[in-house]
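Note that these values count all heavy atoms, side chains included, but never hydrogens, waters or copies made by symmetry.
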Amino acid sequence: MAEVLQKNGVSAPRARWKHLDKILTRPGPFTDEDWVPGEDVIEGLSRTKILVIGAGGLGCEILKSLALSGFKDIHVIDMDTIDVSNLNRQFLFRHSDVGQPKATIAAKFVERRVPGVKITPFVGKIQDKDEDYYRQFTMVVCGLDSIEARRWINSTLVDMVDEDDPDSLKPLIDGGTEGFKGQARVILPTMTSCIECQLDMHAPRAAVPLCTLATIPRQPQHCIEWAHIIKWEEERKDVTLDTDDPEHITWLYQKALSRAKEFNIEGVTYSMTQGVVKNIIPAIASTNAIVAASCCNEAFKIATNTNPPLGLPGGNNYMMYSGDDSIYTYTFEHLKKDDCPVCGNVAKKLEVNGDMTLESFLESMAEKPEAQLKKPSIRSEEKTLYYQSPPSLEEQTRPNLKKELSELLENGEEVVVTDPAFQISFKFKLLFK
Amino acid sequence: MIETTPPPLQGPTSKEKKYDRQLRLWAASGQAALEDAHILLVNSGSGVLGVETLKNLVLPGIGNFTILDSSVVSEADLGINFFLEEDSLGGFRAEHTCKLLKELNPDVQGHFIAEPIESFITKEKPLDPYTLILVAAPIDPEILTKITLHAQATQKPVFYFHNVGFYSHFSIYLSHVFPIVDTHPDSATTSDLRLLKPWPGLLEFMTKKTTDLEQMSDHDHGHIPYVLLILYYLEKWKGDHDGKVPRNYKEKIAFRDQVRQGARTHTAEGGEENYDEAIAAVLKSLNPPSASSAVKEVFKSEECKLLAKDSPSFWVVANAISQFYEERGELPLPGSVPDMKAQSADYIQLQNVYKSKAREDFTDVVSRVRRLEDKLGRTVPVADKEIEAFCKNADHIKLICGRPFHIARAGEKVRWNERAKVAASMLENRESLIHLYIAFLAYDIFTNSHDADALGGAPLAPGEQDLQLDGEKMAGIAYKIVDDLLTEANKFLEGEEYDTVKSRTKQFVEEIVRAGGAELHNIATLSGGLIAQEVIKAVTKQYVPVDNTCMFDGVVSKMEVLRL
Ligand SMILES: [Zn+2]
């Protein structure tokens, strides 16, 4: 037995991988005619270097599933530390791990449980790494809860593609969940629809107007947002709000509660306060398992050709899952957009009122489902219209904010909108109504 | 009245902290139900799917689980099962998977029985301690029959599942009738405002708030809740139309234009938000308050009509509400009001108008329930809370009539009974996964008639040894199931149509045989997520469970629910 354990190479007996090898060494009715199962496939799989972004609910599942699918060289990035509310689904962590970095603990656990797999953790942000780092991987699997991070890695991988070098194309497999719902998708950067092309599938929730919060609250959530956005600024301006600090949440809760009393609004609770302020998305083990495993199934098919994966040009690339009312999936092809700011080459046409101020135009960028930019800067081909930084440029361009678009631009002129959170340039062709 | 004393702070308990992300989905009541459950896993074969399912139940805090599995941990187990380690080799799989699963959540009690199912099942009432049973294929059809008969007799949910290669399947038998009150409908579809059938209190409030509408200041005019605006214009419309409300699409459009004309456009914002909301709501909220067909189905069912002393409380309440519906032509008012542009005080008052009507309806239903209880001689009254929940969600309750799933045996025809016609018509759908379901039925027949050592020991999976021969046998079995189904459904397929059905079935069969009984970890994890989710629904009686079979095809990444 010990002999078997020491040798994980292809030539060693693979009693342990009996199940996997059935699939790796036999053709099936859907495999390509030219596909040769056997040693080359097994070796190719064990040499595949794969990056996992996120070691949370999805990440724990992804690491486990990849390790038991024959991947041997796995890297994982996560900047977070373990919180007690993670323990209901992030099964690589125990109570004694609370406060430790997720990436390190998760990597160690899976390495211990599945001998022969190497998992290299990095505790930090994806933005800390450059193209040279990402170039070493065959593919990237994402299990994130942040749209910003997804957009960042997506544009990085698109920018890395060099048409003359097939190795520069890194398939991106992305999973996401919310309660009983989720999705898994495969992106071949520059070849098929990218995360940015699909951004309007994840439209941000409409924000409650500030005047409602300030003057006419009707819902318990309005009272909480009032405490969060208005009251904190008024009374504790010098303290940075930490949504993980129970004292801060309690303060907001009590402010919200007394405002609710004043307006006879029922329903403010501590848990709701936490939910609104931290924008908590419900999360359960089962949905994470479904979505993460679907991602890993696609990664496995891409790495081995044991069956056709999602994401091939002209084929389905997106599986939408919904499990609250029976079970339902919709698997379809999301089409690439020519005017995608990341992978397209055409400016997006946008109809605007010429008398709109530049300031309100920029504010609208935050709510636009296909843009969702919080700190946009803008320039035309001719001139810089408004820049958020450096401060000197901001000051110089600030007066433009009050000007109307028609004063600054010709009808049909192209503008470029950027945001420091992404390396994306949004090209818009502005048509005045 | 404003209280002067500050409210006591109720921060979350440590349990609430740990389960925060799931309590937001099924609340404390769902959590309590989970904690009362005891799940039995009857494990067999390579056994990963069952263990992955348990993982997703241990994490959210199921009360108890028991693994029944007599296998000994082999080298191959370590390559697919995450809840085994080097030290487990040679030990009982039930014991070691149980131990490592328990590590996930100290609040969960885990047990194991390393005895063969064949002897376990012959004991005195062996299944009684469990509230829900999970059965992994392959299993002796006689034993599966015993388990499902027990489940039917005790109204216990039972799940039966397969996981082979890129495919999986599970079927659920939820008990003969399985009602769900707390279905968590999409909030966008739930508001029931009774605009076409307003009660006097609501009309009175509308009249009070819309007096001199035309003369109001822009501020007041722009803050009338849209519900009242619609009611106001409806009264006007009725005055011009013989007291009739807009009945068809054309009339609704005309009515909408009338509302639109009432909006002021000279305001600073160039319009009025409350009018925009009213205009947007016209088409979807001008519907008579009739009960959905699903609810009428509940009212019509025997259990509802023929109450007995020991009927489950659901049916007593359902009967009371059906009386209410028959008399009034409407269900009890749920009483919730969506958010809308309004002054705080007006909105709260409007909420109260709806709430007090809902309260009135609820009180009426309670007294009906109490009368029924008296008549039936029931001693334990149905809790007010249960009646209230029913009233609030009356139009979204769901009744699932459980159907025992197929138990395929070698040498016996698979019977589809009243589902034969539906199943046969699914065969013609080239996207349907019914063909995969048939391939799994063939799998059961194959394993039922082949064992690994030809001595009546462990079943042999197709493709485990002879790919070619087993492929042919499996295809033969599957084709026969197809033919028998077509005969039973009195359906004739020929030529290209018939060939297409066969070739699609054959592809699934070939892919299954290719796996030779092997489980892929990814597919086990995914399907373990699906099954655990359905267990949670069955245990908490919240959300809507699968009725009754779910297929997953990991080659094309699609799922399909079949009602068989
Ligand atoms: Zn794109």
Max heavy-atom pair count under 4.5 Å with chain A, selected residue of B:Ile400, B:Leu100, B:Thr183, B:Asp346: B:Leu100
Evaluation steps, side-chain contact (heavy atoms from CB on, under 4.5 Å), between B:Glu534 and A:Ile327: CA-CA 9 Å; B:Glu534 295 308 305; A:Ile327 285 176; 3.6 Å; yes
Enter the distance from B:Lys537:NZ to A:Ser326:OG here, rounded to the nearest 0.5 Å. 6.0 Å
Okay, A:Val84 and chain B: the region with an atom under 4.5 Å from a heavy atom over there is both
Would you mind reporting whether A:Ile216 and B:Ser344 have side-chain heavy atoms less than 4.5 Å apart? yes
Per-residue contact mode, B:Asn352 against chain A (heavy atom under 4.5 angstrom): neither
Going through the distances and angles, do B:Tyr347 and A:Phe263 end up as a side-chain contact (heavy atoms from CB on, under 4.5 Å)? CA-CA 10 Å; B:Tyr347 178 78; A:Phe263 287 92; over 6 Å; no
In terms of heavy-atom proximity below 4.5 Å to chain B, should A:Thr25 be classed as side chain, backbone, both, or neither? neither
Measure distances from A:Ile23 to the heavy atoms of chain B and classify the residue's part below 4.5 Å as side chain, backbone, both or neither. both
Between the side chains of A:Lys18 and B:Ser74, does any donor sit under 3.5 Å from an acceptor? no
Considering only heavy atoms, which portion of A:Asn316 lies under 4.5 Å from any heavy atom of chain B: side chain, backbone, both, or neither? side chain
What closest approach, in Å, do A:His19 and B:Ala518 show between heavy atoms, and which atom pair accounts for it? ND1-CA, 3.1 Å
Closest non-hydrogen atom pair between B:Gly79 and A:Trp17, with its separation: O-CZ3, 3.3 Å
Looking only at the side chains, is there a donor atom on one of B:Lys18 and A:His95 sitting less than 3.5 Å from an acceptor on the other? no
Under a 4.0 Å N-O cut-off, is there an ion pair linking A:Arg16 with B:Glu86? yes
Greatest number of heavy atom pairs closer than 4.5 Å to chain A - which of B:Leu84, B:Leu526, B:Asp77, B:Ile348: B:Leu526
Do B:Gln351 and A:Arg218 come close enough that some side-chain heavy atom pair is under 4.5 Å? no
Please check this pair: side chain of A:Arg26 against backbone of B:Arg514, looking for a donor-acceptor N/O pair closer than 3.5 Å. yes
With only heavy atoms counted, which part of A:Arg94 is less than 4.5 Å from chain B, the side chain, the backbone, both or neither? side chain
What's the spacing between B:Leu520 CG and A:Lys22 NZ if we round to 0.5 Å? 11.0 Å
I'd like to know if the side chain of A:Ser286 reaches the main chain of B:Asn56, judged simply by a donor and an acceptor atom lying under 3.5 Å from each other, with no hydrogens or angles considered. no
Can you tell me how far CZ of A:Phe180 sits from CG of B:Leu25, rounded to the nearest 0.5 angstrom? 5.5 Å
Taking all heavy atoms of B:Asn522 and all of A:Ser65, pick out the closest pair and write down the distance. OD1-CB, 3.2 Å
From A:Leu87 atom CG to B:Lys17 atom NZ, the distance as rounded to the nearest 0.5 Å: 12.0 Å
Interchain contact, A:Pro27 with chain B, by part (heavy-atom threshold 4.5 Å): backbone
Going by distance alone, is a donor N or O of one side chain under 3.5 Å from an acceptor N or O of the other, for B:Asp339 and A:Gln221? no
For B:Ala345, is it the side chain, the backbone, both or neither that has a heavy atom under 4.5 Å from a heavy atom of chain A? neither
Return the option, out of A:Ser271, A:Cys295, A:Pro308, A:Gly315, with the maximum number of heavy-atom pairs under 4.5 Å with chain B. A:Ser271
Check each atom of B:Ile80 against the heavy atoms of chain A and say whether the ones under 4.5 Å are side chain, backbone, both or neither. both
Applying a strict 4.5 Å limit to non-hydrogen atoms, the region of A:Ile281 in contact with chain B is backbone
Please classify the contact of B:Leu530 with chain A as side chain, backbone, both or neither, using a heavy-atom distance under 4.5 Å. both
Heavy atoms only, distances under 4.5 angstrom: which of A:Leu310, A:Thr31, A:Val110, A:Thr306 has the most pairs with chain B? Name it, please. A:Thr306
Kindly compute the distance separating CE (B:Met340) from CD (A:Gln219), expressed to the nearest 0.5 Å. 9.0 Å
Taking side chain as everything from C-beta outward and backbone as N, CA, C, O, which of these in A:Phe93 sits under 4.5 Å from a heavy atom of chain B? Side chain, backbone, both or neither. neither
One should read off an interatomic distance between B:Phe82 CZ and A:Leu63 CG, to the nearest 0.5 angstrom, of 9.0 Å
Between A:Asp324 and B:His184, is any pair of side-chain heavy atoms under 4.5 Å apart? no
Looking only at B:Pro60, B:Ala532, B:Gly554, the option with the highest number of non-hydrogen pairs under 4.5 Å against chain A is B:Gly554
